[in-house]
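Ligands are counted one by one from 1 in listed order, and the atoms in each one are counted from 1 as well.
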Amino acid sequence: MNKHSSPSLGLFAPEILGPAMMQAFRKLDPRSLARNPVIFSTAVVSLVATVLALREALAAGPNAVVGLQIALWLWFTVLFANFAEAVAEGRGKARADAFRATKSSARAKVLIIPGDHTAYRSRDIESVEVGELILVEAGDTIPTDGEVVEGAASVDESAITGESAAVIRESGGDRSSVTGGTRLVSDWLVVRVTAKPGETFLDRMIALVEGARRQKTPNEIALDILLAALTLVFLLVVVTLPVFASWSGTTIPVIYLVALFVTLIPTTIGGLLSAIGIAGMERLVKANVVAKSGRAVEAAGDIDVLLLDKTGTITFGNRMADAFEPAPGITDQELAEAALLASLADDTPEGKSIVDLARRRYGLSGTADPRAVFVPFSAHTRMSGVDLPEGTSIRKGASDAMAVLSGAPLSHAVDQIVKRIGASGGTPLVVARDRRVLGVIHLKDVVKPAIRERFAELRRMGIRTVMITGDNPLTAAAIAAEAGVDDFLAEATPEKKLELIRREQAEGRLVAMCGDGSNDAPALAQADVGVAMNTGTPAAKEAGNLIDLDSDPTKLIEIVLVGKQLLISRGALTTFSVANDVAKYFAILPALFVAAYPGLGVLDVMGLGSPQSAILSAVIFNALVIVALIPIALKGVAYTPASASALLGRNLLVYGLGGLIVPFLGIKAIDLVVDLLHLA
Ligand SMILES: Nc1ncnc2c1ncn2[C@@H]1O[C@H](COP(=O)(O)OP(=O)(O)OP(=O)(O)O)[C@@H](O)[C@H]1O
Ligand SMILES: [K+]
Ligand SMILES: [Mg+2]
């Protein structure tokens, strides 16, 4: 899965641990702490405890030694939480450095006269603005992101995708976007710059893996609020304790109370929450997917329906004209000629392949009449063509669209051809001159290998796959059957795609969409999870919230796994943390009150050494448990494809029960050590 040569660092590689320790101290900055209510409360309490302990020490009070230790361990709690976040970020930083190395401080060949790619001026890329045209030649590193407006070339994208085979980038069609940092292997391209300096794909990628621009997701914010509320509840609990104590004739030193407070609030999940989120992002980057928002990753964990566009996503997308099939009474030559004229200025891959076939097989050499008016293809009309100066108009397009244009249903003979091509999985393009149907162009496309098994895997995860295509129902059905999708929508315009997504969403389902074309952009934007293929158009990449660098639609499986693991890890550790806090309450209270109520000795199942050692042990346990759980937070809780409710049930049991039991064992063990070393 990870084809990058960038170091795949172990969980606790020294090159991450060292800087992370430094970083843990730097994160004591109140502005940084304030992002996390639980840890912020812990820091405030640590400060209070420090002051109290120092006062006690100066007065040579009886609680001085234990007080200082408590204060120290409270600070450790904060530092460990910071450390967890820093380790998670550190792993991304290594990746960011690898990207930074590919970032060229390059200069750009900015064209002076549009249309003339021989006259250019070399300028610093930082000064090049969106919309300017630059020339890139064989051997050059493409200096920034853009859209190819002229030329075709092979591009080595290994710096970004890790994939060593060069890919074709060309104007028109769905393969027109280029990424800064990749290198031209052959030929030349004129590229319209689409990214502002400092905001290129590579820049965003770096910021992302470093976690610099990571924003909390709505789920994280909701959890933060819950944790803050719990903190408040325990504040009340702790504040009322002295009342009970004085009532029963005991006094509990204030430093015990503040320590108790920290052990009760959800410091474990509070300390690990952001590490879990960052680690999820990192796993995604490892799968060669860039997420623009953490929210998309979480949503991916809950996806019900996956919509895929056909051409270029399920099939390879280089639909090639394979044959001209004339209507009765029309010659091959006549059809080929009309098809050629209608395609001379059509720069879609389909259009180019038609020109190519007409020239190759029929030796036609037509050149475009400069006065001809070209009608470009649109996904909306699903046709294209040309209006010639002498008044002839030629159109080619999807069969249903062409039937509407010619004002009558297709003749039986033509309909048969269309059906035959469709049933074979090919795309039939009907050609008409002055609304008279001349015949059909057979476009062939190939289903990507191994896609069937991957869709079966999605089905096992409970995800329904739906193929949407602008093609006719017969072609769609043939490809759908071959690829093994659950359902399909044919003759879809961009509006219909959008409508389908809205309908699924209105029925309460979470929708993911994979696409690469500009006509997919609205749908990618509307979907809860929009995965744009990296080979796609800039519009598609802008609209999606995830970008797959390998342009592999089945990558969604990995994305879903990462999302599920993120949700499950967070759920499991939250359960553990809260169960832990409840358990601590019952573990420590008897020790604090046993002097006043000897009857409580029964409850004091743990037989902790003394109130001092009980409280100190609890504080130490509370700090150490954060460190102990860092590996789970970073690696994620193990996930196997199973229904969500089964997983939830299992995890609640394991982590809930574990959370209740572990503190008793842990605190007791630490208490023994504390006793042994006479620390309290
Ligand atoms: N260059 C073209 N000229 C005329 N008609 C075309 C051209 N390219 C495609 N078509 C027709 O328009 C239809 C819709 O194309 P569109 O790109 O919207 O969808 P698609 O590529 O078939 O499917 P997908 O939504 O998977 O990309 C095609 O099925 C084909 O019949
Ligand atoms: K706690
Ligand atoms: Mg398409």
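- In this structure, Leu443 does not count as a contact residue of ligand 1, since none of its heavy atoms falls inside 4.0 Å of the ligand.
- Less than 4.0 angstrom separates some heavy atom of Arg319 from each of these atoms of ligand 1: 9 (C), 20 (P), 21 (O), 22 (O), 29 (O).
- For ligand 1, the atoms lying closer than 4.0 Å to a non-hydrogen atom of Ser384 are 2 (C), 3 (N), 4 (C).
- Distances from the K ion (ligand 2) show that Thr263 has an N/O/S atom below 3.4 Å.
- Using a 4.0 Å cutoff on heavy atoms, Met467 does not count as a contact of ligand 1.
- Of the N or O atoms in Lys497, one or more lie within a sub-3.5 Å distance of an N or O in ligand 1.
- Using a cut-off of 4.0 Å between Lys/Arg side-chain N and Asp/Glu carboxylate O, Glu85 and Arg35 are scored as not salt-bridged.
- In terms of distance to the K ion (ligand 2), the nearest N, O or S atom of Asp581 is named OD1.
- For Ala259, the side-chain contact (heavy atoms from CB on, under 4.5 Å) partners two or more places apart in sequence, or in a different chain, are Ile70, Ile615, Val619.
- The heavy atom nearest to atom 23 (O) of ligand 1, out of those in Val375, Thr469, Thr348, Asp347, is found in Thr469.
- For a threshold of 3.5 Å applied to N or O pairs, the pair formed by Thr311 and ligand 1 contains at least one separation below that value.
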Distance-only check: which donor-acceptor pairs under 3.5 Å involve side-chain atoms of residues 473-485, not counting sequence neighbours?
| unit_1 | atom_1 | unit_2 | atom_2 | d |
| --- | --- | --- | --- | --- |
| Thr475 | OG1 | Gly426 | O | 2.7 |
| Thr475 | OG1 | Asn472 | OD1 | 3.3 |
| Thr475 | OG1 | Asn472 | ND2 | 2.8 |

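- For a distance bound of 3.4 Å, the N, O or S atoms of Val262 include one lying that close to the K ion (ligand 2).
- Between Tyr585 and Phe234, the ring planes are tilted. Angles from 30° to 60° get that label.
- Below 30°, between 30° and 60°, or above 60°: for Trp73 and Phe80 the angle between ring planes is above 60°, a perpendicular geometry.
- Each of the following atoms of ligand 1 lies closer than 4.0 Å to a heavy atom of Leu429: 5 (N), 6 (C), 10 (N), 11 (C), 30 (C), 31 (O).
- Using a 4.0 Å cut-off to heavy atoms of Ala379, the atoms of ligand 1 that qualify are 18 (O).
- Distance check for Leu264 against the K ion (ligand 2): none of its N/O/S atoms falls below 3.4 Å.
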